[in-house]
Amino acid sequence: MKPENYDFNHRVFDVVRLIPPGRVTTYGAIAAFLGSKRSSRMVGWAMNLSHAIDPKIPAHRVVNRQGLLTGKMHFSHPDRMQELLEAEGVIVCNDQIQNFNDVFWVPEIPL
DNA sequence: TGAATGACTCGAT
DNA sequence: GATCGAGCCATTC
C-alpha cells in the first residue's frame, strides 16, 4: 500500500463528497479531474471501498457516463441508489437518469 | 510472479 | 447509430 495509492482513493472520496445534493457526476469526470481520464476503473474500485470508510461517501451521486446506475447493485439494496437520487430531485427511470444533462456536475478543481 | 477482474471510457470500424 | 477492441491501474487469486 503506497501513499500514492491512498492519495488516489482519498482524492476520489474528496471529490465525491463535494458533489452538491441533487447533482451527479461520472467516473470519467472524477478520473479526468485526478489526472487520467482512463482511470475510471480505479474510481469504480475506490467507490467499492467507499462504503467501508468514514465519513460516508455519497456514492449514489456517481454514475457512468451514460447516466446509468451501474453501481446500484453494490448498495445495501439495489433500489437504494435510485431512492436516494430521487429524494434529491434526480429523475431516475429504468436505472437511468432522465435529466442527466441538468444534474450533471463536473468537479471544478475545489482548491 | 503472472494472469484475471472490475461501480469505465474512448476511438475506430 | 451500434459494436468491438484497447487503455487505464489497483486488487485478488
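These numbers were taken from a predicted model, which means no experiment stands behind them. We name chains A, B, ... by the order of the sequence lines, and we start the count at 1 in each one.
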Inset, instruction - Could you tell me the separation between the CE atom of A:Met42 and the C1' atom of B:dT9, rounded to a whole number of Å? - result: 12 Å
Inset, instruction - Measure from CD on A:Gln66 to P on B:dA7 and round the result to the nearest Å. - result: 15 Å
Inset, instruction - State, with a plain yes or no, whether a side-chain heavy atom of A:Phe104 is found less than 4.5 Å away from one of A:Ile97. - result: no
Legend entry - Minimum-distance pair of heavy atoms, taken over all atoms of A:Asn64 and A:Tyr27: N-CE1, 3.4 Å
Inset, instruction - Whole angstrom is fine here: how far is it from CG in A:Asn64 over to P in B:dC10? - result: 11 Å
Legend entry - Whole-angstrom distance between C:dT3 and B:dA7, as gauged at atom C1': 22 Å
Inset, instruction - Mark yes or no for whether A:Arg61, through its side chain, and A:Ile19, through its backbone, hold a donor-acceptor pair below 3.5 Å. - result: yes
Inset, instruction - In whole angstrom, give the distance that lies between atom CZ of A:Arg38 and atom P of C:dC8. - result: 8 Å
Inset, instruction - Grab the CZ-P distance between A:Arg11 and C:dA10 for me, whole Å please. - result: 14 Å
Legend entry - Nearest to side-chain heavy atoms of A:Ser39, which nucleotide of B:dT9, C:dC8, B:dA7: C:dC8
Inset, instruction - Write down the distance between CH2 (A:Trp45) and P (C:dC8), rounded to a whole number of angstrom. - result: 20 Å
Legend entry - Given B:dA7, C:dC8, B:dT9, the nucleotide with the shortest approach to the side chain of A:Thr26: B:dT9
Legend entry - A:Tyr27 OH to C:dG7 C1', straight-line distance once rounded to whole Å: 19 Å
Legend entry - Protein-nucleotide distance (A:Arg65, atom CZ; B:dG11, atom P), rounded to Å: 9 Å
Inset, instruction - Have a look at A:Ala46 and say if it touches a base, only the backbone sugar-phosphate, or nothing, with a 4.0 Å heavy-atom cut-off. - result: nothing
Legend entry - Heavy atoms of other groups near A:Arg17 CZ, more than 12 under 6.0 Å: yes
